[in-house]
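Down below is the structure, laid out as structure tokens.
Chain identifiers are assigned alphabetically (A, B, ...) following the order of the sequence lines, protein sequences preceding nucleic acid strands; residue numbering begins at 1 within each chain.
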Amino acid sequence: MLVLIVLLAVLAVLPFFLPPAELITFQKVLVLALFAVATNLLIGYGGLVSFGQGVFFGLGAYVVALNWRHYQLPFWLAMGVAPILGALLALAIGAVALRTRRLYFALLTLAFSQLFFTIAEKWYDFTGGDNGIFGPMLPPALVNPTAGYFFILGVVIVSMLILWKITASPFGLALKAIRENPNRAEALGIDVYQHQLIAFVIAGFFGTVAGTLFVVHDQAAYPQLLSWVKSGEPVLSAVIGGMYSFLGPALGAFIFQYGHDFVIRFTTRWQLVLGVVLLVIVLFAPDGLTGLVYRAGRRLGKGLGR
Amino acid sequence: MTALLETRGLVKAFGGLRAVDGVDLVVEQGRIHAVIGPNGAGKTTLFNVITGYLRPTAGRVLFRGQDITGWPPHRVARIGLARTFQITNIFPRLTVLESVQVALAAARGREKDPLSRSDRTFRDEALALLEDVGLVGLADQEARTLSHGDQRALEVALALAIGPKLLILDEPTAGMSPWETERTVDLIYEVARRRGLTVVLCEHDMQVVFKISDWITVMHQGRVIAQGLPDQIRRNETVIQVYLGEQV
Ligand SMILES: Nc1ncnc2c1ncn2[C@@H]1O[C@H](COP(=O)(O)OP(=O)(O)OP(=O)(O)O)[C@@H](O)[C@H]1O
Ligand SMILES: [Mg+2]
């Protein structure tokens, strides 16, 4: 609890200490943190690994950017409508992909995201193809990096509170039971398919919210946001930070983003470094950093004679 | 007495093997009904077909007169048919308390409630149930850390939590120490009588079977070869030959 208050305080004063360029990087961390926590509703709670969450992230960015380019409806309207579209898309994809077994679920979500990636890349007239869409698409109030930061921070906090509430509810507990043992959950009368579908829709909704926030950060939408590389980011963040704790994936996002920026200063082989790091985690700390800290804390507690 | 559960001509074939081969089972309301038979007789397969974990090749399953053939497991559970599994089947990383709470939430139709706090939902009831099965002291332990016997007791607690009309127990005392067996059998007997529960029970321990059952069905190679009161079964020539002979 104390940790959270300190964290919030730090986040609140950060813009007054960080230079603008650093602040903009940190915006990206916040966006990824929300994306990762939302995706972890599937991984850590529902026991479902999706390799296609990028489709929702990209959708959020594209809805805002395409609206600016083609329709000029108010920015705020696009921000509000995008997550609803994301939820509907999740309903459609989930209804198909969740009918299959686990491995096929991961592959199908991947296939759907590649499908949308290809559409975004090829449909030049509408999406600008692989150039993407760039331009002054933000309302004046959000152009200033500090304002943008506080807007992103606000939306991320509200979204996370909602997600937190959901994970701590009986629905969240039922999801955990499904993660632990879907077969047994069925025997208690829990409809596994329905629960996973609802979780997928919620994760899609907030993944799309994160995508709209990306536009506030970057004023752009481009096909890579829909790709499997983007889809991998929240999954990796969850694995690094720990998928069995609510904020683990957010911590993972922080490490992922800064780790990336740090590593590419020395080598172009980011993927290789990432691979090694993941291997180490899977071998030595399968429940991620938060799990490691938790276990170390308990051991320390025992050592101190508690 | 009326039949609570009935199967008619139930068949389950795995390729050429008919693991359940035309079983007509009638389970009367309020009874403790044992299903016994040698390894591979088809008892577990029969339970899996009844509870929706396997689709029958042929035949019907009726529960309170309603045809539930081919229903998915969660629907079968909802109408009051609970089961435990021969191989311990729990939620390893949930605490004992959480496990029972989620079962209670499911039974009351609250498993999709996104707003309440799960840790406060049905807490007292869950603790009372754990008191009944002797696990209250372990409420905050993760289920995976429990001893085998305690995990089996948790299985029974989960099944009881959904407030069933019929409880199907697949070798509830498998792998238990004599002391744990006795505790579990007493628990089943006492709870069944107190709640007026109907129990279908598969068990290899004949002392247990003859002690608590009102009615016994004997299976062999997928078929029912005998049924009757415990005293009748004990003296049945065929049953002694294929099954009891090796035990007594
Ligand atoms: N999923 C399956 N696929 C193929 N064969 C199966 C399957 N499940 C069970 N069998 C076979 O069906 C037969 C009946 O098995 P079942 O598990 O129902 O017996 P059982 O009476 O419960 O035995 P036990 O007392 O050992 O638990 C066995 O020959 C078994 O090998
Ligand atoms: Mg069996």
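For A:F200 and A:F105, the ring centers sit closer than 6.0 Å to each other.
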Would you enumerate the inter-chain donor-acceptor pairs between chain A and chain B whose distance is below 3.5 Å?
from	atom 1	to	atom 2	distance (Å)
A:K165	NZ	B:L115	O	3.0
A:A168	O	B:S118	N	2.8
A:A168	O	B:S118	OG	3.0
A:S169	OG	B:D113	O	3.2
A:F171	N	B:D113	O	3.0
A:E180	OE1	B:R93	N	2.6
A:N181	ND2	B:N89	OD1	2.4
A:N181	ND2	B:I90	O	2.9
A:N183	O	B:Y53	OH	2.5
A:R184	NE	B:N89	O	2.8
A:R184	NH2	B:E155	O	3.3
A:R184	NH2	B:E155	OE1	3.2
A:E186	OE1	B:H74	N	3.4
A:A187	N	B:Y53	OH	3.1
A:G189	O	B:R78	NE	3.0
A:G189	O	B:R78	NH2	2.8
A:Q194	OE1	B:K112	NZ	2.8
A:H195	NE2	B:E111	O	2.9

Mind listing the side-chain donor-acceptor pairs of residues 36-43 of chain A below 3.5 Å, one per line with the distance, residues two or more places apart or on another chain?
from	atom 1	to	atom 2	distance (Å)
A:T39	OG1	A:F35	O	2.8
A:N40	OD1	A:G44	N	3.1
A:N40	ND2	A:M243	O	3.0

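Under the 4.5 Å side-chain criterion, counting only non-hydrogen atoms from C-beta, B:V20 is not in contact with B:V11. With contacts defined as side-chain heavy-atom distances shorter than 4.5 Å, the pair A:L161/A:V158 does not qualify. For the pair A:L85/A:T208, no side-chain contact is recorded, criterion being any heavy-atom separation below 4.5 Å from C-beta on. Using a 4.5 Å cut-off on side-chain heavy atoms (C-beta onward), A:L11 and A:L7 make contact.
No part of B:I79 comes within reach of chain A, as not one of its non-hydrogen atoms sits under 4.5 angstrom from that chain. Of the two parts of A:A177, the backbone and the side chain both hold a non-hydrogen atom closer than 4.5 Å to a non-hydrogen atom of chain B. For A:I198, the part lying under 4.5 angstrom from a heavy atom of chain B is the side chain only. Contact of B:F122 with chain A is not made at all, since no heavy-atom distance falls under 4.5 Å. At a 4.5 Å heavy-atom cutoff, the contact between B:I162 and chain A is made by side-chain atoms alone.
Proximity of a side-chain donor or acceptor of A:S113 to a complementary backbone N or O of A:G52 within less than 3.5 Å is not detected.
What you find for B:P172 and B:C202 is that their closest heavy atoms are CD-O, 3.6 Å.
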